[in-house]
Amino acid sequence: MKIGVVGGGQLGRMLGLAGLPLGFQFRFLEPAADCPAARLGEIIRAPYDDLDGLERFAQDLSFATYEFENVPAETAQWLSERLMLAPTARALAIAQDRIAEKTTFRDLAIPVQNFIGISSANEIDAAVRKVPLPAVLKTRRLGYDGKGQRVLRTNGDDAAATVRTAWDELGRVPCILESFVDFSAEVSMIAVRARAPGHGSVIAFYPLTQNEHRHGILWKSQAPAPCDRDGQLADAAQKYVRALLESLDYVGVIAVEFFVTPSGLVANEMAPRVHNSGHWTIDGAVTSQFENHLRAVGSMPLGSTECKGSSVMINLVGRTPINSRIMEIPNAKLHLYGKGARAGRKLGHVTLTGPTAKSLEAATAELEKIVVWDV
Ligand code: AMP
């Protein structure tokens with residue numbers, strides 16, 4: 001079975017690493033030379049919207065998927081007219097537009113903060129009346145790792161003027177103004193849905209993961225989430241994500257990020273793909289998110305999402321410590337993506353697994369000393 005993956009970054013690489021033992025072959029569409037997925041399969045080196053490249057990429061594939069959500073809409077459409085693309089072009093389109101994403105959540109009774117779109121300067125006065133500061137102004141499209149957004153606080157200034165300045169700084173592109181959420185933690189639910197021939201569909205959930213960001217980039221994930229002492233947050237997240245997956249007739253892995261607030265979960269965004277906050281599943285779950293994504297997209301039975309105890313994952317960004325220092329830590333598993341060092345770039349991650357969260361505390365503290373980011 002030959003699988004096409006749009007994008008040859010680290011997520012493509014980890015899909016390849018998970019799929020090769022199952023007998024899958026891979027072809028990646030990737031414009032950059034020497035990408036992380038390069039050694040895992042055939043690379044079609046072409047821009048994502050290049051028709052000739054797409055023709056060569058799509059030739060005799062069993063199915064196609066993607067590893068990042070900024071795949072051009074025309075490319076997703078072109079592929080889905082010729083072969084099975086999962087997750088669908090519709091799920092991708094929703095995730096590419098923060099307004100469509102929040103509207104989808106709201107329509108499904110998934111709690112979201114107040115939000116409003118701003119696409120011209122004369123909408124700003126009305127927008128701040130609906131969504132007063134403190135708020136966050138984000139570009140509707142193409143934001144990632146905290147880029148393309150500004151946190152706006154009140155300090156007695158004219159709120160509309162504050163938003164106008166931020167909107168100018170973001171390039172006067174269509175934006176979303178959303179209320180600032182005073183959260184106590186951030187969590188994500190990684191789930192997978194597959195169509196089961198003759199039996200409708202199946203959905204499997206990984207344990208809720210708690211995430212900590214630094215400089216807008218994921219620093220650490222812990223699963224199961226320590227903030228969810230009685231499992232109520234995981235129950236709520238499962239309910240919301242199930243509704244989303246069913247309404248989209250979704251196939252594959254999805255990640256939905258939530259803020260934890262005194263009144264419960266507030267959905268922030270979704271990624272229609274394997275996700276950084278699920279990397280711990282490679283070492284900490286019976287079946288990783290990567291393998292389950294391939295199983296779902298390939299219409300195969302899903303693997304168990306049971307976790308082996310507790311896991312902690314820490315990202316390596318900008319530079320990597322000396323490998324042997326990580327290998328000295330008991331139960332530490334090092335994953336490098338084969339990328340050159342550059343400030344702000346995700347170069348790898350380290351996962352710790354153990355029977356309980358407590359059993360990981362010393363190793364986590366050790367790892368947190370060794371890992372120094374360059375951002
Ligand atoms: P995002 O690109 O939407 O994932 O935002 C990146 C990070 O910014 C999130 O993980 C939060 O830490 C923070 N953030 C985003 N939106 C809000 C918000 N409305 N209120 C408070 N913090 C936010």
Side-chain angles (χ1 to χ4, degrees), residues 11 68-70 92 94-106 110-118 127-128 130-155 159 162-163 166-167 169-171 173-190 208-223 225-227 233 237 240-241 244 254-279 313-315 317 344 346 349 373 375:
L11 301 179
F68 69 113
E69 61 262 43
N70 291 326
L92 187 67
I94 292 170
Q96 285 178 345
D97 177 0
R98 291 185 189 272
I99 300 264
E101 188 174 55
K102 289 229 155 59
T103 307
T104 303
F105 292 157
R106 197 177 53 193
I110 302 172
V112 285
Q113 65 274 60
N114 266 341
F115 66 91
I116 190 162
I118 295 178
V128 288
K130 173 145 190 258
V131 180
L133 305 194
V136 185
L137 185 72
K138 301 176 179 176
T139 57
R140 273 177 78 158
R141 294 175 176 277
L142 300 175
Y144 70 99
D145 284 348
K147 297 205 170 44
Q149 53 182 270
R150 295 280 185 283
V151 177
L152 310 175
R153 300 180 190 280
T154 37
N155 39 21
T162 305
V163 176
W167 191 61
E169 285 170 12
L170 292 177
V173 293
C175 281
I176 181 173
L177 183 68
E178 50 179 62
S179 299
F180 184 84
V181 179
D182 197 9
F183 57 82
S184 57
E186 293 186 79
V187 294
S188 55
M189 176 54 82
I190 313 278
L208 194 68
T209 301
Q210 187 166 334
N211 304 312
E212 196 183 312
H213 295 84
R214 290 187 181 174
H215 309 281
I217 305 174
L218 183 65
W219 156 251
K220 179 164 81 172
S221 290
Q222 289 172 274
C227 65
L233 296 176
Y240 299 144
V241 175
L244 183 63
I254 195 169
V256 183
E257 297 182 70
F258 298 93
F259 299 123
V260 179
T261 75
S263 55
L265 295 177
V266 173
N268 181 36
E269 62 179 2
M270 65 183 243
R273 54 168 171 81
V274 286
H275 193 255
N276 196 168
S277 68
H279 288 3
M313 187 242 33
I314 290 191
N315 268 333
V317 174
K346 287 179 183 167
H349 70 267
W373 281 9
V375 282

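Order of listing sets the numbers, starting from 1, for every ligand and every atom in it. Positions are given from 1, in the same order as the sequence printed here.
No option in N211, T209, N276, N315 other than N211 meets the side-chain hydrogen bond (donor to acceptor under 3.5 Å, both in side chains) test with S221.
The distance criterion of under 3.5 Å between nitrogen or oxygen atoms is met by V181 with respect to ligand 1. Every N/O-N/O distance between E257 and ligand 1 stays at or above 3.5 Å.
Residue L177 comes nearest to A135 through the heavy atom pair CD1-CB, 3.8 Å, listed as atom of the first residue, atom of the second, then distance. Shown here for V187 and C227, the closest heavy-atom pair between the two residues is CG1-SG, 3.8 Å.
With distances taken over non-hydrogen atoms, the option nearest atom 6 (C) of ligand 1 out of E101, Q149, E178 is Q149.
In V151, neither the side chain nor the backbone holds a heavy atom less than 4.0 Å from any atom of ligand 1. Using a 4.0 Å cut-off between heavy atoms, A135 makes no contact with ligand 1 at all. Here E212 has no heavy atoms under 4.0 Å from ligand 1, in either its backbone or its side chain.
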inquiry  = Checking I254 against M270 for the side chain to side chain contact (heavy atoms under 4.5 Å, CB included) test, could you report, in this order, the C-alpha distance in whole Å, the side-chain angles of both residues, the deciding distance, and whether it holds?
reply    = CA-CA 7 Å; I254 195 169; M270 65 183 243; 4.3 Å; yes
| request: Show your reasoning for whether side chain to side chain contact (heavy atoms under 4.5 Å, CB included) applies to I176 and L137. | output: CA-CA 6 Å; I176 181 173; L137 185 72; over 6 Å; no
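For residues 261-277, the set of pairs meeting the salt bridge (charged side-chain N to carboxylate O under 4.0 Å, His left out) definition, not counting sequence neighbours, comprises E69-R273, R98-E269.
Atoms OG1 and CG, from T104 and D97 in turn, are 9.0 Å apart once rounded to the nearest 0.5 Å.
Ring-plane geometry between H279 and H349 is classed as tilted, the angle between the planes lying from 30 to 60 degrees on a 0 to 90 degree scale.
Per-residue contacts place V136 under 4.0 angstrom from the following atoms of ligand 1 (heavy atoms of the residue considered): 17 (C), 18 (C), 19 (N), 20 (N). Those atoms of ligand 1 with a heavy atom of Q113 less than 4.0 angstrom away are 19 (N). Counting the atoms of ligand 1 from 1 in the order shown, those under 4.0 Å from a heavy atom of H213 are 10 (O). Residue contact check: F183 has heavy atoms under 4.0 Å from atoms 12 (O), 21 (C), 22 (N) of ligand 1. Listed by number with element, the atoms of ligand 1 under 4.0 Å from a non-hydrogen atom of E186 are 9 (C), 10 (O), 11 (C), 12 (O).
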